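The structure appears right after this line, and notes come after that.
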Amino acid sequence: MGIGLMYGLWRPRVLGAWRVPASGPVILAVNHSHMIDGPMLMGTAPRPVHFLIKKEAFVGPLDPFLLGIGQLKVDRTTADRTAITNALGVLAGGGVLGIFPEGTRGEGDFASLRAGLAYFAVRSGAPIVPVAVLGSTERRGRLVRALPPLRSRVDVVFGDAFAAGDGARRTRKALDEATVRIQERLTAHLENAKRLTGR
């Protein structure tokens, strides 16, 4: 359904999808500047993605729908143990976990990362694939101002998978070091994606 919606409303250009491992656990770390970034990735990724989504989005008919397609509800105001357990369960089962490492929509430049991404990567040992979604905020649509113009191009650029930790340590220092390493890799990928797409 996501594929039909994203390709029906916009013109996604997907680059580097082959970089996502074909099997086994993987974390997709996605920049987040527009509300369509998550659905765009779900509709273009080569494997099904389970996103950690703020619990406020699970309202009305969206609640059973999001849960039905495997999305994970998270309370961002606290250390949500249920969400953490569910996310680690996705990775333990060899699935794909999608994370917005900045925690919320913003500039989408990976300038401020929360520790959650490093925690899941170090704890699970799953590789991280950086993903840049570009073009979703360049212009406003005429019919629906909150969305990009219909049939406009949105680029989804997948980067090379990398390990966040050394595979052995799970200390606070290891998490801090992993966060720095992750931020450097994500920022470099975003810059490369902009050069590649001319955005």
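Given the structure is predicted, the values throughout are model-derived calculations rather than measurements.
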Tell me if a side-chain donor or acceptor on [X] pairs with a main-chain N or O of [Y] at a distance below 3.5 Å.
X	Y	result
N86	T82	yes
N31	V133	yes
Q71	D63	no
R19	F158	yes

Applying the 4.5 Å side-chain criterion to the ILVMFWY set and letting contacts propagate, would [X] and [Y] be lumped into a single cluster?
X	Y	answer
L67	I53	yes
L28	L15	no
V157	F100	no
V49	F65	yes

Is it the case that atom NZ in K55 sees more than 12 heavy atoms from other parts of the structure closer than 6.0 Å?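 Counting other residues, nucleotides and ligands, NZ of K55 stays at 12 neighbours or fewer.
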
Flag the pair V74 / L72 as yes when at least one side-chain heavy-atom distance between them is below 4.5 Å, and no otherwise.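 The answer is no; the side chains never approach within 4.5 Å.
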
For the residue pair I182 and P101, establish whether any side-chain heavy-atom pair is separated by less than 4.5 Å.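 With C-beta onward as the side chain, the pair stays apart.
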
Does the side chain of D80 come under 3.5 Å of the side chain of T78 through a donor N or O and an acceptor N or O?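 Result is no, nothing qualifies.
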
